[in-house]
Every structure is written in structure tokens, then in C-alpha cells.
There are 2 protein chains.
Amino acid sequence: MRLASPTIVEVAKRAGVSISTVSRCLNHPDKVGKKTLQRVRKVIDDINFSPNALAQSFRRGKTNIILVVVHEIGSGLLSEVVGGIRSVLDGRYAVILTESRPDAAQPASFIEMLVAKQVEGVILLCSVPPFSRKIIELNKARNLPIVIGLEPLSDELRKLPSVHIDNFAAASEATAYLIGLGHRRIAFVSGPRQSYVTLDRERGFVAAMADAGLDGSNVHYADLSVNGGINAANDILAGAPPSAIFCANDDMALGVMSAAARRGLSIPDALSVLGFDDMRYAAIANPPLSTVAQPAREIGIHAARRLLDAIDNPDEPGRQTEILQHRLVIRSSTGRGPG
Amino acid sequence: MRLASPTIVEVAKRAGVSISTVSRCLNHPDKVGKKTLQRVRKVIDDINFSPNALAQSFRRGKTNIILVVVHEIGSGLLSEVVGGIRSVLDGRYAVILTESRPDAAQPASFIEMLVAKQVEGVILLCSVPPFSRKIIELNKARNLPIVIGLEPLSDELRKLPSVHIDNFAAASEATAYLIGLGHRRIAFVSGPRQSYVTLDRERGFVAAMADAGLDGSNVHYADLSVNGGINAANDILAGAPPSAIFCANDDMALGVMSAAARRGLSIPDALSVLGFDDMRYAAIANPPLSTVAQPAREIGIHAARRLLDAIDNPDEPGRQTEILQHRLVIRSSTGRGPG
DNA sequence: ACGATATGTGAAAACGTTGCCATTCACAAG
DNA sequence: CTTGTGAATGGCAACGTTTTCACATATCGT
């Protein structure tokens, strides 16, 4: 049977003081007499009292909790971003995470509301419905501070502060790099069409191809997973194969490399593969994967700072989107093309 | 300026009913007159009221939140486990996550307490201090239901329900497999000494080597990361190199493969590498990594069920540790040894 | 030794809900 | 026309804390 936890009242009784005094001992110990403090502390220790956090939060109207929403936790990139976030928030706020990927086919509705309102701010690391939509409502209705990280703004999110790289520019630079290497036939493996990140990257690719007078229509859609990359590669390689494949993220690039290896294509001699994100395993892939790096930790840090701003000055809209620098990192999965 | 959110009182006033009635409309709509219900709902809609979750939780003494503690989110294995957990908890509870890795050199104390007490149960996916210690205290003091997943019990956790594989048996089977392949000189890359998981695996390795009359003393310690694997491999390969390296997790195995590749060692011809966990990228490593698979999703599912049990029957201790089946998955990073 | 100022303490009012109990009212059965 | 029943509603206490205010007592300068 769950024991009823002792309350402040119990402590007061045993210590022979008033409730207020106990509360003071907890929150403003300097305002309490030395002897009293000692006595109260002793009691607290004796009966193993600790204040009911729910009651505290309720009374104070403050939880000191920040929520970070990710689509799914198993990504090294997110881990970095979260590390950045925590590096600025830890100590001031408890950082909790929640996944937005639906698992059971649940309405995904009331539960998030519940979570969201116990929270003083939200960092969205995934800008996709339906979860985000709920959060936005909260933002509007309750003035819940929100910042978006990693992903550019979808239309409905247009008004929110955000921190990310210029995915369009990055993808087009990367494409230009491939072209510079002599590649002429380049395929692009994009992500789901509702993802603004990959959409930007796709547009960057297309634009760079057009700039060079090349055909940028060889675009395939996958689900950002390794398997998606494998499938896309099989599709692409079945036809007249390009000399390079540029993927909207590293997972798919790894999938492509795997599929290529299975077909006996040597990388980068027969096929160049370029990824995006520079996630943890890119550097030790075989061969090491060329990719475009996002400053993940920085993104986390900036996002957290923006959130702090938003919390401290609830009225100001705050600067809007903040663009951080990407970096093309060239390893061994890309080589000279036939051109 | 943050608007004060409208309360149930405001709604009552506008709808010309009592507070109780509004509350009833929210919680037991069937017990309210049709017309009244309609009217109240209209007001709720008009002024965009939604109940203060903090007050609700406080009053009900219930938050409907389950906390999952992981060391760091960036792991595909954890992602699976969490998927399993959510598949049973979603809808009934909101599942939130928190990392135990310290970031700022913060006392890691009060914040977790705060979080922990707003929560109705905890699944620990990392059994290491200091975080877990706090949680255990809570468990003792408040009867907070806890279950450990993925990791065996440390001494202080001995009393808690847990769900994991038999790491000792798995490691010793895997070692036996390597020996069966003809390997005689086998190195083991273990994890930090305070980790019970890797300790069990290490003991399994040592025992299997001893059983076969081989020298099981070639054990190196690393930090479970890719880089740790690389460093360990460099150490190991500098001396008289073994014909196989067995790693306590896949990340390190990937690191070992990468270091080996850099040295021009071909896998599995010159060196067999065996991992542990079967994380997402093991299958598409080059060559694909042999490893021992944990039923990650299952572990999550079982852990969640155990937690539900513990919540529903707070008195019963519940069956203690639950062992799930591991599976040796043989891919291409292991081959015949010189023996 | 006097009023003035600290200092320590307690009483009581919140915070926004929920749920028990009492009340009212309409209507059916007697 | 009374009485009993059930449905719909309102009043109010409670949940455990924090905080304001007032009060008592100790400390100080002169």
C-alpha cells in the first residue's frame, strides 16, 4: 500500500512550529532562527519529508521544466543538439524529452496537452504535424514560449523563432562540389515531401544542377532511413546509373553505400556518395562518408538561449530565424566523376 | 505580457452556472443537463479555456506521466526500447524521457527530484549513478514504482524488478562461437568497470575462454564509444595482434573495424570482429558486423508491463528479474581463425 | 531607560481544481 | 394531494504549498 507521504503539516506538528516556519526553512532558511531551523531540519530528516512537487508547482505556477520534442530519440545528431540545449539549461531547468512519432495509433492529443502545460517552454526539434500543431495551439492560446531547432519553418510555424542552417545553400554548395568533381549525372535521394528540411535540400540540389545546365530531375523519395536509402539506391542503380548520388541525410547515404557495396560497385571509383548531417557514424563508414555537417551542438545552444529570451521577455517577438553555418566535409566516399 | 489564463471560475460566471457544474461538464458530461452542457461548452470555446493541468494533477494527485531515464538519447537500441515502452504505455500515460548524462558539472540533484516526483513511475534504462541513486531513494521514500530495463542490477538496485538478457551467457556463447571458428587468441574490449552490463559480458568472455583452456586475459577497457573502440584497437593491434576481437558493444566494434581498415587489415580475413547489441548500423557496416542481438523492443514492452503491474499493485514486490532471449547474429565480420 | 528598528514567528488567504453532500425541482406512483 | 424517486445543480471543503500581514520579542542608538 502506498504510504501517504508526510506533509509540511506533519513536520510543523512534530517540530512544534507553524506551517509557515517549515516552509520558510525550506525556501528562506536565512529568515529563520538558528535553533528553530535546526530543529525543523532534524524533523524533516527524521520522517524523511520532502515537499510535494506537484503542490509546489501548482502554488508557484512554475515547474522549471523545459520540454524538447524530437521525432524519435535514436539519432546521434539529436543527441548533440540536446547536449547543447542542456549545456545552457541544466541547473536552471529540468530538460525532458518526448517523442512525436506516433506509436500506437493514438489520437496523440490530450496526452501532449497534459505534458505541454506542465512545462514552461518547448523546443521543437521536429516541425511536423500532428504533434507540432498541438504545441502551436498552446503557444497561441497560452503564450507558451516555443523555439524551433534544426528544422526550417513550415507555414504554420512561420511566426516562431527558429535556429537552423541554410539547407538550400548547403545542398546547392554540396551539389556544386559534386559537379566540380566532374559528375554530370547525379541523383538525389530526398525525404518525405512534407518535411521542409529535406524539401529545402532538394530545392538546393535542383537549383545547383540547373545553374550548371544539368538535369536535376533524378530525384527519388525515401523515408530518411537506412532502408529507405537501400531501396532508393536499388531503384536508381537499376536504370542508367548516375556517377554520384547525393542523399538528404546520412542514414540514407549509408543505405546507398551498403546497396552499392552489395552490387559490387566500388565507392568512390564507380559511384560517389554524398550525405547530409555528419552524424556520428559518417566518419567511420567504409569508406568514410563525405557529407555536409550541421553545427548540431551550436544549434542546441542557440535554441536554448532563444528560449530563455522568450521566457524572460514574453512580450517581445524576438528576432526571428537564426541561421548557423554549415560545413562541407569531404572524406572518401566522393571522387572524380567521368566528366 | 503573459495573459492570465482563464479559469473554471470565469467560465462558471459567464455561463451562469456553478463551478461544480463546469467541472462536471469537463469530467462527467453525462451527469449534466443537455442545455447546460451546451451552454458551458460554448463559453469554454469562446474564451478558449482549458483547465490548468498543474491544478488538476495536484488535486487528483496524479499526473499520468511515466519517466524513462536514459544515459544519452543518441542510440538506436534505446530508440527501439522506447518504442516498445510506448507501444504499451501510450494512451494511458504520457511517456517522457530524461538524460542522465551530466552536462554542465551540475549537482544533478534537485532537478531530478523535481521531475521525478511529478511522475507516476520510472523506467531506468541506465543503472549507473548518480542519477539512478536519487531515483532509488525516491523509490524507497515514496514508493515510486521503478523498473530497470536493458541493464542488470547493480547491488544497490538488487530489489527492483528488471528486464534484460543474460549478458554473461550471451557473451560466453559468442566467445564459444569465435573459438569454434578456430580463433585462439581473442581480445575483448570491455566497457567502463562500473557498468554491470559490460562487466557481465566481460565475465562471460573470460569464462568461455577458460572453459576452452585459452588465455582470456587480453581484456581492454574503453568507454563504449566508437572512438573508444578505435583507441582500443590501436592498442591491441600494436602488440602481437589476436585473430579476433570481441567488443562489449557495437559502437566499439565499429571503431575497431574502422581502425583495422585504416591499418589495411582486411576483415574478416586478417581479423574477425564481433560486436554486441545489433544496433541499427551493424547490418550495413562494411563488412556487415556479426553481433549478438538484444530483443530491444521486447525489453521495452516487458519493462512497461512490469511497471504497469507495479503501479496497479503497489504492495506486491512482483517477480524480480526477467530474462529475455538474446540471439547470435552472424554476418560477415567474423570468419575462420588460424586454428 | 525610551522609542525605534530588526528579527523571528504564526494565522490565514490564496492557487484552480475535484468530489462529496445537500438542495431543488419535476414527475410518477400511491 | 401526498410521498418517493431521480436528475440536475450549487455550496463548500479539501489537496499541500507559499506568501502576505500582523504581531511579539529582541536589539539598538541616544
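Note on naming: letters A, B, ... go to the chains in the order of the sequence lines (proteins, then strands), and numbering restarts at 1 for each one.
- The interatomic distance linking Leu26(A) (CG) with dG16(D) (P) rounds to 15 Å, in whole Å.
- Atom NZ of Lys35(B) and atom P of dA7(D) are 20 Å apart (whole Å).
- The backbone N or O of Arg101(A) sits less than 3.5 Å from a side-chain atom of Arg86(B), completing a donor-acceptor pair.
- A salt bridge links Lys42(A) to Asp46(A): one of the charged nitrogens lies within less than 4.0 Å of a carboxylate oxygen.
- Taking the side chain as every heavy atom from C-beta outward, Ile8(A) and Phe49(A) approach each other to under 4.5 Å.
- One axis for each end of the helix from dA1(C)-dT30(D) to dG30(C)-dC1(D), each built from five base pairs, and the angle between them comes to 40° at 10° resolution.
- Using a 4.0 Å heavy-atom distance criterion, Arg60(B) is classed as a sugar-phosphate-only contact.
- Thr98(B) contributes a side-chain N or O that, together with a main-chain N or O of Val95(A), makes up a donor-acceptor pair within less than 3.5 Å.
- Ile19(B) comes within 4.0 angstrom of a nucleotide base, judged by non-hydrogen atoms across all strands.
- Distance His28(A) NE2 to dT20(D) C1': 11 Å, rounded to the nearest Å.
- Between Arg92(A) and Asp312(A), at least one side-chain nitrogen of the basic residue sits less than 4.0 Å from a carboxylate oxygen of the acidic one, meeting the salt-bridge criterion.
- Side-chain atoms of Arg24(B) do not come within 3.5 Å of backbone N or O of Val32(B) as any donor-acceptor pair.
- Between the side chain of Arg297(B) and the backbone N or O of Val81(B) there is no donor-acceptor pair closer than 3.5 Å.
- The main-chain N or O of Leu324(B) is never found under 3.5 Å from a side-chain atom of Glu298(B) such that the two would form a donor-acceptor pair.
- A donor-acceptor distance shorter than 3.5 angstrom exists from the side chain of Glu99(B) to the backbone of Ile73(B), with no hydrogens or angles considered.
- Contact between the side-chain N/O atoms of Ser18(B) and the OP1/OP2 oxygens of dG11(D) is not found at any separation under 4.0 Å.
- Remark: the backbone N or O of Ser57(B) is not paired with any side-chain donor or acceptor of Thr63(B) at under 3.5 angstrom.
- Candidate nucleotides dT17(D), dG10(D), dA8(D) were compared by shortest atom distance to the side chain of Thr36(B), and dA8(D) ranks first.
- Within the 4.0 angstrom heavy-atom criterion, no nucleotide atom of any strand lies near Ser57(A).
- Of the candidates His302(B), Arg305(B), His164(B), His302(B) is the only one forming a side-chain hydrogen bond (donor to acceptor under 3.5 Å, both in side chains) with Glu322(B).
- The interatomic distance linking Lys31(A) (NZ) with dT18(D) (P) rounds to 16 Å, in whole Å.
- Between the CG atom of Asn27(A) and the C1' atom of dT17(D) there is a distance of 9 Å, rounded to whole Å.
- Chain A approaches DNA chain C within less than 4.0 angstrom (heavy atoms of the protein), and the contacting nucleotides run 5' to 3' from dG8(C) to dG16(C).
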For nucleotides 13-15 of chain D, print each protein N/O atom paired with a nucleotide N/O atom at under 3.5 Å, atom names and distance only.
| unit_1 | atom_1 | unit_2 | atom_2 | d |
| --- | --- | --- | --- | --- |
| dA14(D) | N3 | Arg59(B) | NH1 | 3.1 |

